[in-house]
Amino acid sequence: MKWVLHISTMFGQESYSDYGEKLAPEYADDMHHGNTVLFRTEIKDNPVELVGIADVFIIGFVGEAAVSGVSLVNSFNTIFIYLFTALASGGAVVVSQYIGRKEKENGSHAASQLLAASVLFSVVISAVVLAWNEQILQFLFGRVEADVMAACVTYLRISAYSYPALAVYNAGSAMYRSFGKTKTTMNISIIADAINIIGNCIGVFVLKAGVAGVAWPSLISRCFTALVITYLCFSKENPVHYIGNWILHLDRDLQKKTLRIAVPNGVERFQAVRRQRLK
C-alpha cells in the first residue's frame, strides 16, 4: 500500500475530475482555502511514502534547517521511488502473464529475476549516492545555507543505505499484487509506518539525535518491509515464488523483457509528475 500526498492548494480546490475523489466538488475554483493535506491510499501519478512525510513532520520540532534538509532529500529520493516502482511494475507484468498461462515455474523464474535486477540496480545507485552525495546535492539544489546542506548530507547518506531495501520491497509487493494479495502488503506497510513514527519520536525527543534521529528509523522500517516481503515471497504456497538459484543467475532475455515494460512506465510516471507540477 502506498500513500499519496497532495498538497492542495493554497489558492484553489480540485474538482472531482482531477483525481476521481468522490467527495470533491464538481468544479475547481481559485478561491483561497489555506494549506490542506490530502492522503490517498491508491497509487496515482505522484506516490510518496508515509515514511518520508512522517520524517518531515517530526523533524519540524528540531528546526527550520533540519526541515529544509529533510524535505530536499525526500524530493530527491522520490526519483528513486519512481525508478524502483517502474522496474517492479515491469517485472510484475511479466510475472502476471505467466500466472495467467498457468506456468508456475516460468513465473517463479521471472519473479526471482525481478528480485535480482532490483538488488543490482539499487546497490549501484546507493554506491553512487554514497560516493558523491554532497556533489549531487550541490548540483541539484545549488548553493544553500551550510546548516541546511549539513542536514541534507546526513539524511541522504543514511537514506542511501535504504535504497536496496526500497527496491526489494517494491519487487516483492509488485509480485504479491500480481496474484491479488494486496492486503498483505498493506499490513506490512502499516507496521513499517508505525515502526518509523515510533522510532522518529525516540530519535528526536528522547535521543536528541536531530536529522539522524528520523533517518535511522526510516532505514530500519524499510529494511523491515524488505525482509518480511522477501520471506513471504519464498513461500511455495504462492502461485509463484522466489527460487534461490534463479536469483543468483541473470537471464538476459527475461531482463530485456522486463525493461521493455519498465522503461516506458518510468518515463510516463516522470512526465505525469512534471505535468502535475507545472499546473
Side-chain angles (χ1 to χ4, degrees), residues 1-2 43 47 49 51 77 79-101 103-129 159-189 191-192 218-266 269:
M1 176 177 175
K2 294 282 187 184
I43 298 177
E49 288 189 322
V51 166
N77 284 342
I79 297 171
F80 300 116
I81 293 174
Y82 284 124
L83 293 175
F84 300 147
T85 301
L87 178 61
S89 298
V93 170
V94 177
V95 171
S96 298
Q97 290 172 345
Y98 286 123
I99 292 175
R101 295 199 293 263
E103 298 178 16
K104 182 174 182 178
E105 184 174 352
N106 287 334
S108 297
H109 188 185
S112 302
Q113 288 294 295
L114 173 59
L115 177 61
S118 298
V119 170
L120 288 174
F121 181 50
S122 59
V123 167
V124 170
I125 290 177
S126 292
V128 171
V129 171
S159 293
Y161 290 116
S162 73
Y163 292 164
L166 274 171
V168 168
Y169 173 72
N170 274 322
S173 63
M175 175 176 150
Y176 259 68
R177 288 195 301 273
S178 70
F179 46 79
K181 293 186 177 181
T182 55
K183 186 177 180 180
T184 300
T185 56
M186 180 189 72
N187 291 335
I188 294 172
S189 294
I191 296 171
S218 298
L219 171 61
I220 292 169
S221 67
R222 287 166 178 166
C223 289
F224 166 80
T225 62
L227 289 171
V228 172
I229 197 67
T230 301
Y231 173 79
L232 294 175
C233 286
F234 273 103
S235 174
K236 294 182 180 180
E237 296 180 0
N238 295 327
V240 297
H241 58 88
Y242 289 159
I243 298 176
N245 291 335
W246 287 345
I247 295 172
L248 300 176
H249 297 85
L250 288 179
D251 184 325
R252 292 184 179 181
D253 292 335
L254 198 53
Q255 295 294 345
K256 289 178 181 178
K257 184 184 294 186
T258 299
L259 290 175
R260 279 198 296 269
I261 300 170
V263 172
N265 184 29
R269 285 176 180 270

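Worth saying up front: this structure is predicted, and the values here are computed from it rather than measured. Both backbone and side-chain heavy atoms feed into the values below; hydrogens, waters and symmetry mates do not.
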So with a 6.0 Å cut-off around [atom1] of [X], is the heavy-atom count from everything else above 12?
X: Y231; atom1: OH; value: no
X: Y161; atom1: OH; value: no
X: R101; atom1: CZ; value: yes
X: E103; atom1: CD; value: yes

Distance-minimising heavy-atom pair for [X] and [Y]:
X: I247; Y: F234; answer: CD1-CZ, 3.7 Å
X: M175; Y: V240; answer: CE-O, 3.0 Å
X: V95; Y: A111; answer: CG2-N, 3.7 Å
X: A165; Y: A226; answer: O-CB, 3.5 Å
X: S178; Y: S96; answer: CB-OG, 3.2 Å
X: K104; Y: H241; answer: CE-CD2, 3.9 Å

[X] versus [Y]: any side-chain heavy-atom pair under 4.5 Å?
X: L120; Y: L250; answer: yes
X: S89; Y: T85; answer: yes
X: L87; Y: F121; answer: yes

Of the options S118, C223, S122, which is the one that meets P164 in a side-chain contact (heavy atoms from CB on, under 4.5 Å)?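 The single option meeting the side-chain contact (heavy atoms from CB on, under 4.5 Å) with P164 is S122.
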Distance check, rounded to the nearest 0.5 Å: [X] atom [atom1] versus [Y] atom [atom2]?
X: I220; Y: R222; atom1: CD1; atom2: CZ; result: 12.0 Å
X: I229; Y: S173; atom1: CD1; atom2: OG; result: 6.0 Å
X: L254; Y: W246; atom1: CG; atom2: CH2; result: 10.5 Å
X: N77; Y: S162; atom1: CG; atom2: OG; result: 6.5 Å
X: I243; Y: K236; atom1: CD1; atom2: NZ; result: 8.0 Å
X: N170; Y: L115; atom1: CG; atom2: CG; result: 12.0 Å

When you measure from the side chain of [X] to the backbone N and O of [Y], does any donor-acceptor pair fall under 3.5 Å?
X: T230; Y: L227; answer: no
X: Q113; Y: R252; answer: no
X: Y169; Y: T185; answer: yes

Could you go step by step and tell me if V94 and L114 meet the side chain to side chain contact (heavy atoms under 4.5 Å, CB included) rule? CA-CA 9 Å; V94 177; L114 173 59; over 6 Å; no
Between L166 and F80, does the side chain to side chain contact (heavy atoms under 4.5 Å, CB included) criterion hold? Intermediate values first, please. CA-CA 9 Å; L166 274 171; F80 300 116; 5.9 Å; no
